[in-house]
There are 2 protein chains.
Amino acid sequence: MARPADRVAERRVPLSKERVLRTAMAIADQGGIDSLSMRRLAQELGVEAMSLYHYVSSKDDILNGIVEIVVAEIELPSGGKDWRAAVRRSAISFHDALARHRWAANLIMSGIGVGTARVRYMEALLGRLREAGFSANMTHHAYHALDSHIMGSTLWAAGYSALAKADPGAVQRFVQKLPVADYPYFAEHVDQHLTKSARDGVSEFEFGLDLILDGLEKVRSASSPRSSTRRTDRPIRRSRRPTRRPS
Amino acid sequence: MARPADRVAERRVPLSKERVLRTAMAIADQGGIDSLSMRRLAQELGVEAMSLYHYVSSKDDILNGIVEIVVAEIELPSGGKDWRAAVRRSAISFHDALARHRWAANLIMSGIGVGTARVRYMEALLGRLREAGFSANMTHHAYHALDSHIMGSTLWAAGYSALAKADPGAVQRFVQKLPVADYPYFAEHVDQHLTKSARDGVSEFEFGLDLILDGLEKVRSASSPRSSTRRTDRPIRRSRRPTRRPS
DNA sequence: TTGACAACCTTACGCCGTACGGTACCTTAC
DNA sequence: GTAAGGTACCGTACGGCGTAAGGTTGTCAA
């Protein structure tokens, strides 16, 4: 087809895993995760689908990769006296990252692999909690309470906004169609979503987050009443050596 | 190519939307939501794929339908004085329903339609909160805090157990492979998941749930001080009752 | 007997992920 | 100069997916 000279001149940016992942993210950001197919991605890169397999091992590899990129965007909790403020900021940063890439939360939750960025985030948050005086057990619970809230909250918002984007006005139509007399509270709730003024400036996410943080602080101060910060009463238990047979 | 007589004798249970949905649920329960395809479902019913379209309008219709069935399994919060106990029981019931059908949480969160069972559940919970003395605004926030926690918590557990089921020992191998010295807290966290004894009998889900409920009760009793003369404001202890539910 | 109707099937289209096997170009060695 | 080998990319094909369009069969009322 094209003469060698043309082709040489044209395609001298020879792809890379980085570029593949960035483009995949862009597609997912724009058209949703379902619009990301190998063929579509290849097309975007001016290449055939199978060529991508020189840089990634499968589509799952791509999905893992773009999730890692999102997780890497999260601001890790800083050190210092105020554990609450540090954790709060990190959680909001997490929330924001997921809001920027609405497909990410669903991917994270659907049993995808844990990459280095994810481990680093968890390590930072867990460490920050331990450092603040939480016991190992309490830290475990605190982590999951925070993580659940972040994920659940963001997933809901993502689903809602996806629907609102796909079909604006669908919510109004839906609520007008149902017997309001039978579901007054539901109607009220939907109304609150439609008229943002009712939400008094505090997002649903931050409200729940503060609820959890307040509860945690109470537990923390109750369990270590006088000690200021470093009170690692228990040494960090090493992960068990292979007591079981290493496969 | 069976003869007419055979066919008449054999297939005289002529399908129905109910039967289609039940079978779809069974497939999803057993092999995960990805294993549910129209062809597979039809095969299970001894029928061709296109025949299903006489009972459902699309695959999404099926997904909506099975989600509704799951939601209908949730125990609605009962009336009475103790709003906290009522909401708590309902939340745990929700959690259990999602645990029985691990694909459901992901479907609910991915922008699927809201059916009557879902509306009924929301109405009951919202109404119960209002009745307990929460303001409209507070009820809105409380609902989302609870919902986020239930969804987030269950989604995480679903993903984790799906991975553990698909490849038992993957977690151990993963944690042994990473540099424990660099990620001591992460290693500790994983260890806590592997040795359930560390979890002292209170599930991650219930811990977070009680954190939220305690926080809500505090807000409630602060905003309506006179109505809290009942004994409901007991100290923040949670009942140590093990939520046993043989599935 | 006829004809309407419900229940179910056949075929086909355009997607999808990816296994397998090329081919074109670049670098390096002789 | 030329041959070898590696890197980057492409063509073809397979089995699966959801579903549009239309065909066939069995049942039953008129």
Side-chain angles (χ1 to χ4, degrees), chain A residues 1-21 23-24 27-28 31-67 103 106-107 110-113 166, chain B residues 1-24 27-28 31-67 103 107 110-113 166:
Chain A
M1 290 299 175
R3 278 144 323 207
D6 291 354
R7 307 175 71 178
V8 168
E10 278 172 13
R11 59 136 145 79
R12 267 315 59 152
V13 185
L15 241 49
S16 68
K17 183 158 187 176
E18 167 78 12
R19 223 154 76 79
V20 169
L21 293 182
T23 308
I27 293 175
I33 196 66
D34 285 340
S35 74
L36 174 61
S37 75
M38 297 302 276
R39 287 172 167 86
R40 168 101 173 69
L41 174 55
Q43 181 191 331
E44 201 77 14
L45 290 162
V47 128
E48 297 298 316
M50 288 313 291
S51 304
L52 302 174
Y53 285 86
H54 277 265
Y55 304 96
V56 298
S57 65
S58 66
K59 188 179 182 181
D60 270 1
D61 193 17
I62 293 180
L63 297 180
N64 271 293
I66 59 180
V67 162
W103 39 269
N106 242 312
L107 280 186
S110 44
I112 216 155
Chain B
M1 295 313 166
R3 279 146 321 212
D6 291 354
R7 308 175 70 179
V8 168
E10 279 174 11
R11 58 134 144 84
R12 268 316 58 152
V13 186
L15 241 48
S16 67
K17 181 157 187 176
E18 166 80 13
R19 223 155 75 80
V20 169
L21 293 182
R22 290 288 169 194
T23 308
I27 293 175
I33 196 66
D34 285 341
S35 73
L36 174 61
S37 74
M38 297 301 276
R39 287 172 168 86
R40 169 102 174 69
L41 175 54
Q43 180 190 332
E44 201 78 13
L45 290 163
V47 127
E48 297 298 316
M50 288 311 291
S51 303
L52 301 174
Y53 286 87
H54 278 266
Y55 303 97
V56 297
S57 65
S58 66
K59 189 179 183 183
D60 271 0
D61 193 17
I62 293 180
L63 297 180
N64 272 293
I66 60 180
V67 163
W103 39 269
L107 279 187
S110 44
I112 217 156

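No experiment lies behind these values; they were computed from the predicted model shown. Here is the naming used below: chain letters follow the sequence lines, and residue numbers restart at 1 for every chain.
Of the nucleotides present, C:dT28 is the one that pairs with D:dA3 by Watson-Crick or G-U wobble criteria, both distances under 3.5 Å.
For the pair B:Ala49 and A:Ala49, both in contact range of DNA chain C, the more 5′-proximal nearest nucleotide belongs to B:Ala49.
In this structure, B:Gly32 and B:Ser35 approach most closely via the heavy-atom pair O-OG, 2.7 Å.
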When the side chains of residues 58-66 of chain A are checked against the rest of the protein, which donor-acceptor pairs come out under 3.5 Å, sequence neighbours left out?
| residue | atom | partner | partner atom | Å |
| --- | --- | --- | --- | --- |
| A:Ser58 | OG | A:Asp60 | N | 3.4 |
| A:Ser58 | OG | A:Asp61 | N | 3.2 |
| A:Lys59 | NZ | A:Leu36 | O | 2.7 |
| A:Asp61 | OD1 | A:Lys17 | NZ | 3.4 |
| A:Asp61 | OD2 | A:Lys17 | NZ | 3.2 |
| A:Asp61 | OD2 | A:Ser57 | N | 3.0 |
| A:Asn64 | OD1 | A:Gly113 | N | 3.2 |
| A:Asn64 | ND2 | A:Asp60 | O | 3.1 |

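Of all nucleotides listed (D:dG11, C:dT18, C:dA7), D:dG11 comes nearest to the side chain of A:Glu48.
Rounded to whole angstrom, the span from the OH atom of B:Tyr55 across to the C1' atom of D:dT19 amounts to 18 Å. Distance B:Leu52 CG to D:dC17 P: 13 Å, rounded to the nearest Å. Residue B:Lys17 contributes atom NZ, which lies 16 Å from atom P of C:dC8 at whole-angstrom precision. Protein atom NE2 of B:His54 is 15 Å distant from nucleotide atom P of D:dT24, rounded to whole Å. Taking atom CG of A:Leu41 as the reference point, atom P of C:dT18 lies 12 Å away to the nearest angstrom.
Look at A:Tyr53 and you won't find any side-chain N or O under 4.0 angstrom from OP1 or OP2 of C:dG17. The phosphate of D:dA8 (OP1 or OP2) has no side-chain N or O of A:Ser51 nearer than 4.0 angstrom.
The closest side-chain heavy-atom distance from A:Leu107 to A:Ile33 is below 4.5 Å. Residues B:Arg19 and B:Tyr55 form no side-chain contact, since every pair of their non-hydrogen atoms from C-beta on lies 4.5 Å or further apart.
Atom CG of residue B:Leu52 and atom CE of residue B:Met50 lie 9.0 Å apart, to the nearest 0.5 angstrom.
Residue pairs meeting the side chain to side chain donor-acceptor pair (under 3.5 Å) criterion with at least one partner in residues 40-51 of chain A, sequence neighbours excluded, are A:Arg40-A:Glu44.
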Please list, for nucleotides 11-16 of chain C, all pairs of protein and nucleotide N/O atoms separated by less than 3.5 Å.
| residue | atom | partner | partner atom | Å |
| --- | --- | --- | --- | --- |
| C:dC16 | OP1 | A:Ser37 | OG | 2.8 |

